[in-house]
Protein chains: 2
Amino acid sequence: MSRVSARDKLLKAAGELFYDHGITATGVDAVITRAGVAKMSLYNNFKSKSELIAAYIDARHQEWLDLFARRSDNLSNGWERVLAVFDAYQDHAEFDYQNGFRGCGLLNAAAEMPADSAEREAVNRHKQEVRDIVLNQLSELPLTEESGNSAAALAEHICFLLEGSISLAGLSRDVDAISRARAMADKLIERAL
Amino acid sequence: MSRVSARDKLLKAAGELFYDHGITATGVDAVITRAGVAKMSLYNNFKSKSELIAAYIDARHQEWLDLFARRSDNLSNGWERVLAVFDAYQDHAEFDYQNGFRGCGLLNAAAEMPADSAEREAVNRHKQEVRDIVLNQLSELPLTEESGNSAAALAEHICFLLEGSISLAGLSRDVDAISRARAMADKLIERAL
DNA sequence: TTAACTATACAGACTAGTCTATATAGTTAA
DNA sequence: TTAACTATATAGACTAGTCTGTATAGTTAA
């Protein structure tokens with residue numbers, strides 16, 4: 001009948017509950033109830049709630065990587081692929097909007113964790129990866145190297161726009177803020193060429 | 001001896017614990033212990049933990065308004081006062097850095113709350129107020145009105161930089177990211193004149 | 001005296017995680 | 001075909017502690 005593993009059911013349920021209500025506010029009982037799974041199935045697949053959280057964080061990042069791959073696959077140059085980074089986030093936002101868009105799940109997860117936690121470090125690594133993607137795409141472009149106009153600085157500028165717009169879009173329930181940030185990034189790249 | 005009211009002790013303790021460990025993860029017992037106050041003093045001053053959270057959110061915002069007022073008081077024009085918005089956040093970041101900087105306390109608080117909560121709405125109002133401050137300062141400047149170069153669009157761009165840089169600064173433990181965002185905003189304004 | 005405070009105890013629901021025992025489906029081998 | 005074995009799932013009771021909020025009685029200071 002149901003050939004979906006308990007592990008996948010748990011990750012799906014945790015993904016929904018953690019994103020909608022926050023991680024700390026979501027108990028393991030709520031997760032197993034939503035997953036329709038026995039409690040021991042949680043603890044057979046994950047050593048602890050912390051490990052489930054870590055898997056959730058990785059899954060959210062992978063989810064975004066997949067959305068980005070789909071958006072950037074058939075694009076011909078770095079400029080367009082940088083803009084596809086925004087498109088991938090917008091896809092994600094519009095998907096979550098039905099249940100209540102609350103911004104980036106990774107930043108939200110980090111916001112609940114102590115400063116030196118492994119979870120915050122994992123989110124940091126994922127965000128660095130996004131920045132590296134932006135930087136790699138920009139490096140393909142013939143940027144005019146004015147003072148302080150390096151690809152690295154431009155990549156950071158674009159990432160600030162990205163994360164800022166997602167947070168404020170989630171707060172003000174205005175998903176379109178992400179596409180306005182995309183237009184800002186577009187103009188920045190145009191000026192840097 | 002101690003002429004500090006129980007209410008103020010509670011707000012101070014809650015401010016530290018909520019910021020460092022998150023709101024949901026902080027129990028009222030931890031707050032009263034840190035405040036050195038009886039539990040009934042909490043419930044005499046606040047109807048519930050929710051009301052303490054609301055007071056915490058307002059206090060964080062007021063704290064930033066005070067930092068901004070101190071930074072912008074003796075400045076002569078809107079350009080400088082927009083940059084003072086970044087300075088005020090940097091002051092806040094450097095203050096928190098001793099205990100572990102975790103980005104903006106208001107965005108972190110919002111990240112723990114459900115999509116339609118009063119707390120998220122309060123944080124949204126505060127962020128709108130920051131944007132209005134930026135917009136008001138920009139409105140004093142003689143901006144050249146190119147296509148899509150309105151004061152409103154520039155204000156939004158600067159706010160994206162602001163929030164994005166604070167979040168990423170908190171994640172990567174690189175407070176200097178805020179001053180790099182300040183430099184980006186500076187150049188944007190220069191170009192818009 | 002009045003108001004704000006303290007200390008302690010309590011109710012009742014919830015927390016993460018463990019335990020035993022059982023069911024079921026797929027694989028392997030005689 | 002039948003039997004043994006393995007992996008994964010289940011139910012549900014249980015521990016030991018935490019959570020918010022309340023109740024009660026005593027204390028301190030203006």
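Convention: sequence-line order gives letters A, B, ...; per-chain numbering from 1.
Contacts of residues 44-56 of chain B with DNA chain D (heavy atom under 4.0 Å): S48(B), K49(B). The stretch residues 24-31 of chain B comes close to DNA chain D through T26(B), G27(B), V28(B), D29(B), each having a heavy atom under 4.0 Å from the strand.
For dA4(C), the OP1/OP2 oxygens have no side-chain nitrogen or oxygen of S5(B) closer than 4.0 Å.
Residues meeting the side chain to side chain donor-acceptor pair (under 3.5 Å) test with N44(A), sequence neighbours left out: none. Under the side chain to side chain donor-acceptor pair (under 3.5 Å) criterion, D87(B) pairs with R182(B), not counting sequence neighbours. Considering only residues two or more places apart in sequence or on other chains, K12(B) meets the side chain to side chain contact (heavy atoms under 4.5 Å, CB included) condition with E16(B). Here T24(B) pairs with E112(B) under the side chain to side chain donor-acceptor pair (under 3.5 Å) rule; sequence neighbours left out. Take D20(A) and apply the side chain to side chain donor-acceptor pair (under 3.5 Å) test, not counting sequence neighbours, and it matches no residue.
You'll find that the side chain of K9(B) is closest to dT6(C), out of dG17(C), dG12(D), dT6(C). The listed nucleotides are dC5(C), dT20(D), dA7(C); the one nearest the side chain of S41(B) is dC5(C).
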Got a list of side-chain donor-acceptor pairs under 3.5 Å for residues 54-64 of chain A, not counting sequence neighbours?
{"residue": "D58(A)", "atom": "OD1", "partner": "H126(A)", "partner atom": "NE2", "Å": "3.2"}
{"residue": "R60(A)", "atom": "NH1", "partner": "H92(A)", "partner atom": "NE2", "Å": "3.0"}
{"residue": "H61(A)", "atom": "NE2", "partner": "H126(A)", "partner atom": "ND1", "Å": "3.3"}
{"residue": "H61(A)", "atom": "NE2", "partner": "E129(A)", "partner atom": "OE1", "Å": "3.1"}
{"residue": "Q62(A)", "atom": "NE2", "partner": "D66(A)", "partner atom": "OD1", "Å": "3.2"}

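Every pair passing side-chain hydrogen bond (donor to acceptor under 3.5 Å, both in side chains) that includes a residue from residues 69-83 of chain B is listed here, sequence neighbours excluded: R71(B)-D91(B), S76(B)-E80(B), W79(B)-D186(B), R81(B)-Q137(B), R81(B)-E140(B). Residue pairs meeting the side-chain hydrogen bond (donor to acceptor under 3.5 Å, both in side chains) criterion with at least one member in residues 151-167 of chain B, sequence neighbours excluded: H157(A)-H157(B), R180(A)-E156(B), K127(B)-E163(B).
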Shorter than 3.5 Å, N or O on both sides, protein versus nucleotides 9-11 of chain C: list them out with atom names.
none

Here DNA chain C, pairs taken as Watson-Crick or G-U under 3.5 Å and shown with ( ), [ ] when crossing and | when to another strand, reads ||||||||||||||||||||||||||||||
